[in-house]
Amino acid sequence: MRRLIIDTPSIIKTCLYAGKDGENGKVVEWEGKPVQVNSAWYGYDNTVNAIVSASEALDIAPSQCIFVLERGNSKIRRRQIYSGYKEGRGTSPPEVNEETTKAVELVSTAFRTLGAQLVCQPHVEADDVIAFLVEKLDGEKV
């Protein structure tokens with residue numbers, strides 16, 4: 001069986017940050033700078049379009065998709081290995097995190113309704129879960 005395995009937090013953040021939500025977005029002040037905050041619906045629309053395009057190009061149905069999610073502090077394990085993991089990255093305003101969380105729930109619910117599978121291992125990053133799935137699942141993985 002052919003499967004599309006999706007790093008859900010990564011694709012949603014990429015799609016949420018792409019462009020400017022002129023309809024429902026807003027600018028907030030964060031650490032002395034203006035920051036664009038796009039709405040969860042903007043991120044949802046961009047994410048769905050990206051996943052549908054990839055699915056069509058690969059001839060994969062939603063029931064062949066595995067959405068990998070993150071819950072809890074997913075960086076704990078990596079920081080145990082390397083204490084400087086992802087240090088030096090800037091922080092985001094709480095509004096960005098709220099919209100990201102909403103977008104993850106919207107996308108997850110929509111694709112689960114279409115037959116996709118959701119996978120999560122609390123406190124483990126999505127790409128580590130994906131590596132495990134690629135190693136353990138039979139068939140072609142994309």
Side-chain angles (χ1 to χ4, degrees), residues 1-28 30-31 33-142:
M1 171 188 254
R2 187 178 209 195
R3 294 184 175 100
L4 177 61
I5 303 174
I6 300 165
D7 184 338
T8 309
S10 178
I11 192 169
I12 289 176
K13 286 177 185 175
T14 299
C15 290
L16 190 62
Y17 296 160
K20 182 178 181 180
D21 181 355
E23 187 176 340
N24 297 305
K26 61 184 176 184
V27 175
V28 298
W30 182 250
E31 297 179 347
K33 297 178 187 172
V35 175
Q36 174 68 32
V37 178
N38 293 328
S39 71
W41 286 105
Y42 178 85
Y44 169 83
D45 287 343
N46 287 342
T47 303
V48 168
N49 289 336
I51 293 169
V52 168
S53 293
S55 296
E56 287 175 351
L58 295 166
D59 194 28
I60 290 177
S63 61
Q64 294 169 272
C65 294
I66 301 172
F67 286 75
V68 181
L69 305 170
E70 293 178 350
R71 297 285 187 246
N73 187 346
S74 61
K75 295 173 189 70
I76 289 174
R77 184 171 174 212
R78 294 264 182 106
R79 285 196 175 131
Q80 289 173 340
I81 297 167
Y82 171 60
S83 63
Y85 181 68
K86 290 191 177 181
E87 280 186 10
R89 288 189 174 189
T91 60
S92 298
E95 295 90 346
V96 169
N97 297 329
E98 290 167 14
E99 295 304 315
T100 301
T101 299
K102 288 178 194 174
V104 167
E105 291 308 315
L106 291 169
V107 169
S108 299
T109 300
F111 280 94
R112 187 177 56 223
T113 301
L114 296 172
Q117 297 176 8
L118 305 181
V119 176
C120 176
Q121 177 64 43
H123 309 299
V124 177
E125 287 200 3
D127 54 351
D128 292 328
V129 175
I130 290 168
F132 175 83
L133 292 172
V134 167
E135 183 180 300
K136 299 296 181 184
L137 292 175
D138 291 330
E140 183 181 357
K141 282 85 58 178
V142 180

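Numbers here are sequence positions counted from 1.
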- prompt: Does the side chain of S92 come under 3.5 Å of the side chain of N97 through a donor N or O and an acceptor N or O?
  reply: no
field: Under 3.5 Å donor-acceptor, R3 side chain and D138 backbone
entry: yes
message: Listing request: all salt bridge (Lys or Arg N to Asp or Glu O under 4.0 Å) pairs with a residue in residues 45-65, at least two apart in sequence or in separate chains.
response: none
message: One pair to check against salt bridge (Lys or Arg N to Asp or Glu O under 4.0 Å): E105 and K102. What are the steps and the verdict?
response: CA-CA 5 Å; E105 291 308 315; K102 288 178 194 174; over 6 Å; no
field: CA sep, side-chain torsions, deciding dist, call: V129, C120, side chain to side chain contact (heavy atoms under 4.5 Å, CB included)
entry: CA-CA 8 Å; V129 175; C120 176; over 6 Å; no
field: Rounded distance [0.5 Å steps], NZ in K141 versus CG in L133
entry: 9.5 Å
field: Residue list, salt bridge (Lys or Arg N to Asp or Glu O under 4.0 Å) with E140, at least two apart or on another chain
entry: R2
- prompt: Just how far is it from atom CG of L118 to atom CD1 of I6, taken to the nearest 0.5 Å?
  reply: 10.0 Å
- request: Assess whether side chain to side chain contact (heavy atoms under 4.5 Å, CB included) is satisfied between V48 and F111, documenting all intermediate values.
  value: CA-CA 9 Å; V48 168; F111 280 94; 3.9 Å; yes
message: Using only atom types and a distance under 3.5 Å, with no angle test, would you say the side chain of D7 pairs donor to acceptor with the backbone of I130?
response: no
query: Rounded to the nearest 0.5 Å, how far apart are CG of L4 and OG of S55?
result: 5.5 Å
message: I'd like to check the ring-ring contact (aromatic ring centres under 6.0 Å, His included) partners of Y17; sequence neighbours left out, ordered by chain and number.
response: none
message: Using side-chain heavy atoms (C-beta onward) and a distance below 4.5 Å, is C65 in contact with I60?
response: yes
- line: Distance col, row D128:CG vs E70:CD, nearest 0.5 angstrom, shows 9.0 Å
- prompt: Under the side-chain contact (heavy atoms from CB on, under 4.5 Å) test, which residues partner S63, sequence neighbours left out?
  reply: A61
- prompt: Do W30 and P94 have side chains that get closer than 4.5 Å, going by heavy atoms?
  reply: yes
field: CD (E23) with more than 12 external heavy atoms under 6.0 Å
entry: no
field: Those residues that, when tested against K13, pass salt bridge (Lys or Arg N to Asp or Glu O under 4.0 Å) (two or more places apart)
entry: none
message: Using the side-chain contact (heavy atoms from CB on, under 4.5 Å) criterion, which residues pair with V28? Sequence neighbours excluded.
response: K26, V35, V37, P93, E95
field: Whether Q117 side chain and I66 backbone form a donor-acceptor pair below 3.5 Å
entry: no
Matching residue for V107 among I11, I12, L69 - test: side-chain contact (heavy atoms from CB on, under 4.5 Å): I12
field: Under 3.5 Å: donor-acceptor pair, side chain of N46, backbone of C15
entry: yes
